[in-house]
Structures are given as structure tokens and as C-alpha cells.
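Residue indices begin at 1 and follow the sequence shown. Ligands are counted one by one from 1 in listed order, and the atoms in each one are counted from 1 as well. All values below were derived from every heavy atom in this structure, side-chain atoms included, with hydrogens, water molecules and symmetry-related copies excluded.
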Amino acid sequence: MYRSWIVKLNSNARFSTICLHAGQEPDPATGAIITPIYQTSTYVQEALGQHKGFEYGRTQNPTRLALERNIAAIEGGKGAFAFASGMAAIGAIGTLLKAGDHVVVSDNTYGGTFRLFDKVLTRYQLAFSYVDTSDLAAVERAFTPSTRMLFVETPTNPIMRLTDLKAAADLAHRHDVRLVVDNTFASPYVQRPIDFGADLVTHSTTKYLNGHSDSVGGIVIGVRDDDLEWLKFVQNAEGAILGPFDSWLVLRGTKTLPLRMQQHNSNGLALAEFLSAHRRVKRVYYPGLPSHPQHDLAKRQMRGFGGMLAFELGSLEAARTVLNSVRLHALAESLGGVETLISHPATMTHASVPADRRAALGITDGLVRISAGVEDIDDLKEDLSQALDKI
Ligand SMILES: Cc1ncc(COP(=O)(O)O)c(C=O)c1O
């Protein structure tokens with residue numbers, strides 16, 4: 001009966017409509033408009049071999065399935081698989097490789113990704129080269145006959161360097177290499193790598209997709225049938241699944257992704273402009289500023305410039321003063337939540353990166369990172385202003 005008011009998405013449904021509705025329909029048992037949290041480990045079968053497509057909670061869960069379909073549509077992919085964390089999702093991508101394979105990776109990729117590749121996957125005869133992927137000639141030089149994957153983050157954390165996604169996809173495909181994009185930092189509102197030719201996209205859903213700093217999770221979105229088949233198999237075989245409650249939280253988060261991202265974009269740009277004009281600030285890293293070396297590329301491949309920015313204060317003392325003086329900005333790791341976070345990459349997110357590597361990447365002791373939330377921009381500016389005045 002409820003089927004008469006099921007929301008049907010047209011094939012040309014726009015982004016906000018997809019975020020709200022894709023993958024979901026009223027609950028068949030009650031008509032509940034919100035997909036329930038199917039908190040169950042198993043499903044009763046009607047007769048031997050007769051069931052509704054759900055047999056065991058690790059293998060299938062309706063809440064997780066709704067989320068996977070939702071995010072696959074949001075990223076423009078063919079399918080998606082949700083994992084217990086962003087790192088579990090990247091670990092699943094690693095299982096697409098075989099001993100002897102080689103991967104080219106963005107040189108200032110997330111520290112946890114570097115740790116997984118460098119300390120775990122190298123034990124399985126996989127090799128990784130870390131390259132500035134904003135320089136595609138350098139990427140091409142790093143390719144070997146064994147290269148199977150180009151793993152890119154754009155913008156990078158926290159220096160906000162960009163990789164040209166279309167050119168990277170073309171280059172990768174000329175060499176029969178898959179382009180994998182960790183899209184956590186931008187979110188699919190800001191850029192959809194699959195539109196530019198990426199083969200796989202991954203997210204820490206912990207960040208913008210959930211958006212409320214109350215869940216840890218990850219997802220992989222794919223376009224190739226062979227990749228999707230393997231990821232589905234590995235999700236069940238390894239079992240690092242996203243639980244039903246977390247799936248539900250992220251599904252609630254994606255409904256407001258466009259609304260939140262508009263405010264993240266607008267607050268990110270306003271803070272970057274405010275900081276650029278401040279006498280205590282030596283440099284601001286934000287792709288939305290005309291001073292950013294890849295501003296033209298940012299305008300081409302991003303919709304808005306995101307909520308992440310970093311700025312240089314010149315010394316650890318100055319950074320410490322600001323970090324200890326802010327009141328509204330919360331001193332915390334992570335990003336992408338509705339509340340504004342401030343952090344010190346050199347001693348927090350990038351503490352495990354060796355000092356010489358940090359220096360080469362521009363992660364100095366005076367560098368401060370902000371994940372702009374959705375508060376009133378004047379309150380954020382006032383808070384930063386009083387903190388900068390204490391230097
Ligand atoms: C870009 C990026 N990728 C992956 C991850 C890992 O995600 P999680 O912490 O959900 O495992 C993070 C976490 O900060 C991240 O920033």
C-alpha cells in the first residue's frame with residue numbers, strides 16, 4: 001500500500017535530491033520514512049533456502065545497504081561498500097593488489113594511510129612510491145611496469161596542494177593503472193572524482209559525510225564490476241563492516257551534506273580572507289584564495305573550496321599562543337564536523353611523520369590548521385582575532 005508514495009528518483013535527479021533520497025524507501029514493514037536501524041545479527045528464513053536477501057549481519061544489513069546505495073549515488077559510482085573506519089576502507093582497497101604490485105601515492109597523504117602502506121602492506125611484497133601528485137610528470141616518472149594504482153588525496157592535508165583529477169585519470173589509464181582518490185577532505189559536494197575518471201573513491205565517513213563528529217566509518221565507491229565484486233567479497237571475508245547504528249548516523253548526515261557544505265565553503269573562504277589580511281599571519285593555505293598557486297585548477301574541479309585551511313604563524317610559540325587562547329574553536333584532531341576545530345599538525349595529526357619529511361612538506365612548527373564549521377562567521381572571526389592579538 002505504501003508503495004503509492006515511495007519517492008522515485010528520476011535519472012536526472014539533482015545532487016541535493018540524491019543526497020536526501022537515494023538508496024532509501026519507506027520501511028516495508030511500517031512505512032517509516034526513515035530507514036530503521038536494523039540492529040540484528042541474523043534473519044529468519046521462511047523455509048530452507050528461502051529468504052529476503054538477508055542471511056547474516058556481517059554479510060548483509062538493510063541500514064548499511066541503504067547507506068551504500070546512497071553514497072554510491074552521491075559520488076556517481078556504480079556501487080559502494082561501508083567499513084568500520086576510513087582506514088578499514090583503505091585497507092580493503094589494498095586487497096585489490098597482489099604481491100609484486102607497485103602503487104604511486106600522494107607524498108603528503110594522511111599519516112594513517114602512510115602507516116598502513118609503509119608498515120603493514122610492504123610486508124606483503126607491495127611497493128609504494130611517494131610523489132608530489134600535483135606534478136604529473138613526476139607521477140609518470142614514478143610509474144614502473146608493476147604500477148597498478150595511483151592513490152591521490154586532493155586537497156592534501158594540511159598544505160592544500162591539489163592534483164588535477166582529469167589529467168591524473170588520463171595518465172593512469174594510459175598506463176593501465178587505477179586512479180584511487182581519497183575524497184575525505186573535499187567531500188562529494190565539492191568534487192566528484194568519478195566525474196573526472198577516477199576508478200575508486202574512498203572516504204573516512206567520520207568527516208564531512210557524517211558531519212556531526214559522532215561516528216567513525218569509511219566507504220569505498222567503485223565503477224568497475226570486477227572491483228565491486230571483489231570489494232563485496234572482501235567486506236564479508238574480512239568482516240570490517242560498518243555497524244547498523246553508524247550506518248544510520250551517516251545516512252542522516254548525508255541528507256544535509258549540501259546545506260552543511262555551503263556553509264563550510266563560505267566560512268572556509270571568509271576565514272582564509274580574514275587571516276590573509278591579518279598582520280600576525282605570514283601565509284594562508286586555501287585553494288579559494290587567488291594567491292593559491294593552483295587557484296585556477298581549484299575553480300575548474302571544485303564547487304566552492306571546502307572548509308579546510310591552514311596558516312603559518314612563524315613559530316611554535318605563536319602557534320601555541322593562538323591554540324591555547326581560542327575559546328570557540330575547539331582544539332582537536334579530525335575535521336569535517338559542524339563545529340569548528342583547530343589543530344597543530346606538527347605535534348598532532350602529523351606527529352608520526354619524521355621531522356625532515358614534515359619540513360619538506362611545509363608542515364612547520366608555526367603551522368595551524370582549521371576545519372571551519374558552520375557557526376556564525378562573525379563569532380569565528382572574533383574568536384581568532386582575540387587569540388591572534390595575544391601573540
Ligand atoms: C584524508 C583521510 N583519509 C582517511 C582517514 C582515516 O579515517 P578514519 O579515521 O575514519 O579511519 C582520515 C582520518 O583523519 C583522513 O583525514
Side-chain angles (χ1 to χ4, degrees), residues 64 67 71 75 80-94 103 105-121 128 130 133 149-163 165 180-191 193 198 200-221 235 238 240-243 245-247 249-250 253-254 264 268 285 287 302 306-310 330 332-337 341-345 347-353 361 363 369-372:
R64 193 177 82 220
L67 175 71
I71 296 183
E75 279 286 8
F81 299 95
F83 295 88
S85 68
M87 287 321 306
I90 295 172
I93 291 174
V103 182
V105 188
S106 290
D107 59 355
N108 66 341
T109 192
Y110 171 62
T113 305
F114 174 71
R115 180 173 52 203
L116 173 71
F117 290 171
D118 190 56
K119 299 278 188 293
V120 182
L121 298 189
F128 299 85
Y130 299 89
T133 54
M149 242 180 224
L150 170 59
F151 189 102
V152 162
E153 263 178 59
T154 176
T156 56
N157 171 20
I159 296 299
M160 310 299 291
R161 220 188 269 149
L162 307 186
T163 295
L165 288 171
V180 182
V181 179
D182 182 337
N183 203 25
T184 301
F185 237 57
S187 90
Y189 177 87
V190 170
Q191 77 198 2
L200 290 159
V201 173
T202 186
H203 282 272
S204 164
T205 60
T206 315
K207 314 299 187 315
Y208 286 110
L209 290 176
N210 178 56
H212 293 76
S213 313
D214 52 13
S215 160
V216 171
I219 196 145
V220 183
I221 305 103
Q235 185 192 42
E238 292 192 335
I241 49 160
L242 190 66
F245 182 50
D246 287 289
S247 298
L249 283 171
V250 182
T254 57
H264 286 299
Y285 298 91
M302 299 170 82
M308 299 304 300
L309 60 142
E333 299 203 3
S334 201
L335 62 116
L341 304 181
I342 195 162
S343 64
H344 186 239
T347 57
M348 295 169 72
T349 46
H350 291 68
S352 62
V353 179
L361 297 170
I363 304 170
R369 186 186 87 173
I370 289 181
S371 167

Practice item. Could you tell me if any non-hydrogen atom of Ser334 lies under 4.0 Å from any atom of ligand 1? Key: no
Review point. Taking all atoms of both residues into account, what is the closest heavy-atom pair of Ala372 and His264, and its distance?
Key: O-ND1, 2.7 Å
**Study point:** Atom indices of ligand 1 within 4.0 angstrom of Glu153 heavy atoms, with elements
**Key:** 1 (C)
Review point. So, for Ile241 and Gln235, which heavy atoms are closest and what is the spacing to 0.1 Å?
Key: CG2-CG, 3.9 Å
Check your understanding: Taking the side chain as C-beta and beyond, is there a heavy-atom pair between Thr109 and Thr156 under 4.5 Å?
Key -> no
Review point. Taking the non-hydrogen atoms of Glu333, is any one of them nearer than 4.0 angstrom to ligand 1?
Key: no
Check your understanding: Is the backbone of Ser204 close enough, under 3.5 Å, to the side chain of Thr184 for a donor and an acceptor to pair up by distance?
Key -> yes
Review point. So, is Val216 polar-close to ligand 1, with some N/O to N/O distance under 3.5 Å?
Key: no
Check your understanding: Among all protein non-hydrogen atoms, which one is nearest to atom 8 (P) of ligand 1, and what is the separation to 0.1 Å?
Key -> Gly86 N, 3.4 Å
Review point. What residue and atom, counting heavy atoms only, is the protein's closest point to atom 16 (O) of ligand 1, and at what distance?
Key: Tyr110 CD1, 3.7 Å
Review point. Have Ser215 and Asp246 got a donor and an acceptor in their side chains that come within less than 3.5 Å?
Key: yes
Check your understanding: Just which atoms of ligand 1 are under 4.0 Å from any heavy atom in Gly217?
Key -> 10 (O)
Check your understanding: Hey, is ligand 1 close enough to Thr206 that some N/O pair sits below 3.5 Å?
Key -> yes
Practice item. May I ask which of His203, Met87, Lys207 has a heavy atom nearer to atom 9 (O) of ligand 1 than the others do? Key: Lys207
Check your understanding: Which heavy atom of the protein is the closest neighbour of atom 1 (C) of ligand 1, given with residue, atom name and distance?
Key -> Asp182 OD2, 3.4 Å
**Study point:** Pair Tyr208 and Phe185, ring centroids less than 6.0 Å apart
**Key:** no
Review point. Going by atom types alone, do Thr163 and Thr133 pair a side-chain donor with an acceptor below 3.5 Å?
Key: yes
